[in-house]
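One structure below.
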Amino acid sequence: MLKIAILGLGEGRSTMSAALASSKLELVKVCDRNEELCKQRAKEFDFHSYTTNYDDLLNDGAIDIIAIYTPDHLHAEHVKQALLHGKHVVCTKPFIDDLSDAKELLKLSEKTGKKVFIGQSSRFFEPAKRQRADFEIGLIGDLITIEAHYHADHRWFLAKEWSLLESFKWLYGGLSHPVDFIRWYLPNIEEVMGYGMISNNGKGAGLKNEDTMHFIFKATDGRIARVSGVYTSPTQPAQRDSGMSTILRASEGASQADYHELRYAVTTKTGEEKVITWGDSTLKHYFRFEGQSHHAGEYQNYLEYFVDSIEQDFTAYPDMKEGIGTVALLQAMDKSLQTGMPVKIADVLNEYGL
Ligand SMILES: NC(=O)c1ccc[n+]([C@@H]2O[C@H](COP(=O)([O-])OP(=O)(O)OC[C@H]3O[C@@H](n4cnc5c(N)ncnc54)[C@H](O)[C@@H]3O)[C@@H](O)[C@H]2O)c1
């Protein structure tokens with residue numbers, strides 16, 4: 001069985017739950033520089049193999065995979081170290097927060113032959129998996145356009161000191177999920193434009209960057225898509241609307257995946273309309289502690305897929321290239337907000353020699 005270690009035990013808590021519940025992996029060690037947090041996790045999971053020093057994971061020859069859940073700006077260095085020490089890597093989203101590290105990381109993964117998988121968790125949720133499977137078997141025909149959003153009342157988050165720093169952007173933290181959905185179906189986005197603003201709720205709290213954003217995308221083949229994110233206002237009742245949702249409109253049908261509600265609706269090419277929800281056992285797989293604010297089930301799904309990719313030698317997606325593509329798109333969106341102009345993705349990639 002492949003052996004995994006986890007770095008960063010905030011969000012990495014869900015990964016601990018995922019790895020411990022999986023029969024495909026063996027969790028051997030976890031690491032956080034905050035020892036109190038290590039102790040808390042050790043107690044919670046009755047798993048006592050922890051360290052506060054990342055080197056202990058890097059230098060442990062028994063570890064096959066390192067899963068990284070540190071703050072965004074540290075991912076590049078932590079991924080680099082893992083590759084240099086011959087480990088396969090799972091890195092949570094967003095893969096990196098600055099494309100200037102991308103070229104070196106691409107070269108390094110080629111040179112070491114180790115696999116890097118980006119933990120875009122939302123793809124591994126039941127409604128998203130079902131939507132993708134239906135799309136791939138041709139149930140709705142050829143894609144015409146896609147709409148995705150992630151809206152949440154995250155005003156509680158503004159109590160965290162770092163949320164009010166100049167460096168904090170909901171564009172990266174929030175919109176990386178629906179933007180990944182757009183790229184999953186339309187990988188070749190050529191140009192993006194968007195508007196954003198800080199709502200009065202955000203301004204009152206001292207937020208420095210946009211909390212309300214709408215974007216449109218154009219692919220190289222002319223198809224278009226849209227995405228939006230609104231983070232400081234109340235949301236609709238869950239029975240009526242979903243915080244995160246993806247709609248595919250296609251030549252012969254349409255489908256919509258609603259995330260936390262575990263709800264999926266489809267109009268197939270025969271005209272049949274179906275609304276699907278999942279029962280308690282599925283809910284229990286996804287949500288294991290404290291409501292629905294964590295991602296244990298999604299992480300277990302993607303860790304097992306990554307293990308299969310190593311054992312059977314195929315590429316698990318999103319891989320590093322796809323992760324970099326999403327970061328490039330997010331950077332282009334950021335530039336469009338700043339300039340008020342459409343931005344070409346190729347220009348952003350060229351800037352970094354990619
Ligand atoms: N759905 C998802 O996939 C999802 C959801 C939430 C967060 N995330 C991602 O997970 C990452 C972490 O977010 P979080 O909310 O857990 O943040 P956090 O600040 O709560 O946790 C990060 C942890 O990393 C530890 N750490 C930092 N540097 C370290 C080092 N050099 N060595 C050892 N430990 C170190 C910190 O002590 C902290 O406990 C972010 O990149 C975030 O975007 C992904």
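Residues take their numbers from the sequence shown, with the count starting at 1. Atoms within a ligand are numbered from 1 in the order they appear, just like the ligands themselves.
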*Please work out which of the three classes, parallel, tilted or perpendicular, describes the rings of H260 and F125, given edges at 30° and 60°.*
perpendicular
_Nearest protein heavy atom with distance in Å, relative to atom 42 (C) of ligand 1_ = D72 OD1, 3.8 Å
*asked:* I68 and side chain to side chain contact (heavy atoms under 4.5 Å, CB included): which single residue from T15, L57, V89, T92 fits?
replied: V89
*Classify the side-chain pair T52/E35 by whether it contains a donor and acceptor separated by less than 3.5 Å.*
no
*Salt-bridged, K208 to E166, with N to O below 4.0 Å?*
no
*asked:* Can you report which non-hydrogen protein atom sits closest to atom 23 (C) of ligand 1, along with the distance?
replied: D32 OD2, 3.4 Å
*Go through the steps for V227 and H149 under the test side chain to side chain contact (heavy atoms under 4.5 Å, CB included), then give the verdict.*
CA-CA 5 Å; V227 84; H149 71 245; 5.9 Å; no
*Tell me, please: is H75 in heavy-atom contact with ligand 1, that is, under 4.0 Å?*
yes
_Sub-4.0 Å atoms of ligand 1 with respect to non-hydrogen atoms of H295_ = 1 (N), 5 (C)
_Identity of the nearest option to atom 19 (O) of ligand 1, non-hydrogen atoms only, from G173, P71, S293_ = P71
*Under 3.5 Å, N or O to N or O, is Y54 touching ligand 1 that way?*
no
*asked:* Please list the nearest protein heavy atom to atom 22 (C) of ligand 1 with its residue and the distance rounded to 0.1 Å.
replied: Y69 O, 3.7 Å
*asked:* I'd like to know if the side chain of S245 pairs up with that of Q256 as donor and acceptor (distance under 3.5 Å, no hydrogens or angles considered).
replied: yes
*Would you call R123 and E322 a salt bridge, using N to O less than 4.0 angstrom?*
yes
*Taking the non-hydrogen atoms of Q120, is any one of them nearer than 4.0 angstrom to ligand 1?*
no
*Check ligand 1 against G119 and write out every atom of the ligand that is under 4.0 Å from a heavy-atom position of the residue.*
3 (O)
*asked:* Side chains of D334 and Y172: any donor to acceptor distance under 3.5 Å?
replied: yes
*asked:* For atom 34 (N) of ligand 1, tell me which residue out of E77, H294, R33, Q81 has the closest non-hydrogen atom.
replied: R33
*Around atom 26 (N) of ligand 1, find the nearest protein heavy atom and jot down its residue, atom name and distance.*
T70 CG2, 3.9 Å
*Could you tell me whether K93 and ligand 1 have an N or O pair separated by under 3.5 Å?*
yes
*atom 1 (N) of ligand 1: which protein heavy atom is closest, and how many Å away?*
S121 OG, 2.9 Å
